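To start, the structure itself, in structure tokens.
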Amino acid sequence: MLQWNDPLSFIHGLTAHERRVLKSLEVETVGELLMTQPRRYDDYSRITSLAEAILQLGEPVTVRVTLKEIKRLPTFRRRFEIIRAQVSDATATLGVTWFNQPWLLKTLMPGAEI
């Protein structure tokens, strides 16, 4: 069992890169690691409607929408795929585009709430 004053080298699975980053933050013991505060906290619990999200352009928001349709668009470049979808809630409809994410066609089905 790890002790509060044990060096970070006692933590199994900590990579050399992670140890260098922690050393640059002046974290050298298990206790210091446990007391390290995160740089930021993102709260995704507040659901915003699409109409409100459009007004908050540039701000991170969380929306709950229904997927209306999803399709792959043809492209002339090999190994480049465009996936386009229509999502909506009670207040608005929005077009969404993903690049090089072909697995979304199998994962997201029309009618799904995301």
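Here the structure is a predicted model, which means the values were calculated and not measured. Side chains included, hydrogens not; waters and symmetry mates left out as well; all remaining heavy atoms used.
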* Asked: Looking at Ser45 and Asp43, what are the two nearest heavy atoms and their distance?
  -> OG-OD1, 2.6 Å
* To do: Check whether any side-chain heavy atom of Ile83 sits under 4.5 Å from a side-chain heavy atom of Leu105, and report yes or no.
  => yes
* Asked: Listed by chain and number, what are the salt bridge (Lys or Arg N to Asp or Glu O under 4.0 Å) partners of Glu113, not counting sequence neighbours?
  -> Arg64
* Quick one: pull up OG1 in Thr93 and CG in Leu50 and give me the separation to the nearest 0.5 Å. => 7.5 Å
* With rounding to the nearest 0.5 Å, note down the distance linking CG in Leu33 to CD1 in Ile11. => 5.0 Å
* Pairwise distance CD(Glu59) to OG1(Thr48) - rounded to 0.5 angstrom -> 10.5 Å
* Residues, nucleotides or ligands: over 12 heavy atoms within 6.0 Å of Leu57 CG -> no
* Structure fact -> Closest heavy-atom pair, Val63 versus Ala53, reported as atoms and distance to 0.1 Å, is CG1-CB, 4.0 Å
* Structure fact -> Taking every heavy atom of Leu67 against every heavy atom of Ala85, the minimum-distance pair comes out as CD1-CB, 3.6 Å
* Above 12 or not: heavy atoms from other molecules or residues under 6.0 Å from CZ of Phe80? -> yes
* To do: Taking all non-hydrogen atoms of both residues into account, name the closest pair between Ala51 and Ala92 and its distance.
  => N-CB, 4.2 Å
* Establish whether Val27 and Val21 are linked, either directly or via other cluster members, by ILVMFWY side-chain heavy-atom contacts under 4.5 Å. => yes
* Which heavy-atom pair separates Leu104 from Ile70 by the least distance, and what is that distance? -> O-CD1, 4.0 Å
* What residues, two or more places apart in sequence or in another chain, satisfy side-chain contact (heavy atoms from CB on, under 4.5 Å) together with Ala90? -> none
* To do: Report yes or no: does Thr97 contribute a side-chain atom to a donor-acceptor pair with the main-chain N or O of Arg84 at less than 3.5 Å?
  => no
* To do: Taking side chain to side chain donor-acceptor pair (under 3.5 Å) as the test, write out the residues that go with Gln101, two or more places apart.
  => Trp103
* **Verify same cluster id: Phe99, Val96 (apolar side-chain graph, 4.5 Å)** => no
* Answer with yes or no whether the hydrophobic clustering places Leu2 together with Met35; edges join I, L, V, M, F, W, Y residues whose side-chain heavy atoms lie under 4.5 Å apart. => yes
* To do: Could you tell me the separation between the CG atom of Leu22 and the CG atom of Leu14, rounded to the nearest 0.5 Å?
  => 6.0 Å
* To do: Any side chain to side chain donor-acceptor pair (under 3.5 Å) involving residues 67-78? Give me the pairs, sequence neighbours left out, ordered by first then second residue.
  => Arg72-Glu81
* Joint cluster assignment, Val87 & Ile54, ILVMFWY side-chain distance < 4.5 Å -> no
* Asked: Would you say the side-chain atoms of Asp89 pair up with the backbone N or O of Ser49, donor to acceptor, closer than 3.5 Å?
  -> no
* **Connected via hydrophobic side-chain network under 4.5 Å: Leu8 and Trp4** => yes
* Write out all pairs satisfying side chain to side chain donor-acceptor pair (under 3.5 Å) with one or both partners inside residues 16-39, taking only residues at least two apart or from two chains. => Thr15-Glu18
* Non-neighbouring partners of Asp42 that pass salt bridge (Lys or Arg N to Asp or Glu O under 4.0 Å), sequence neighbours left out -> Arg40
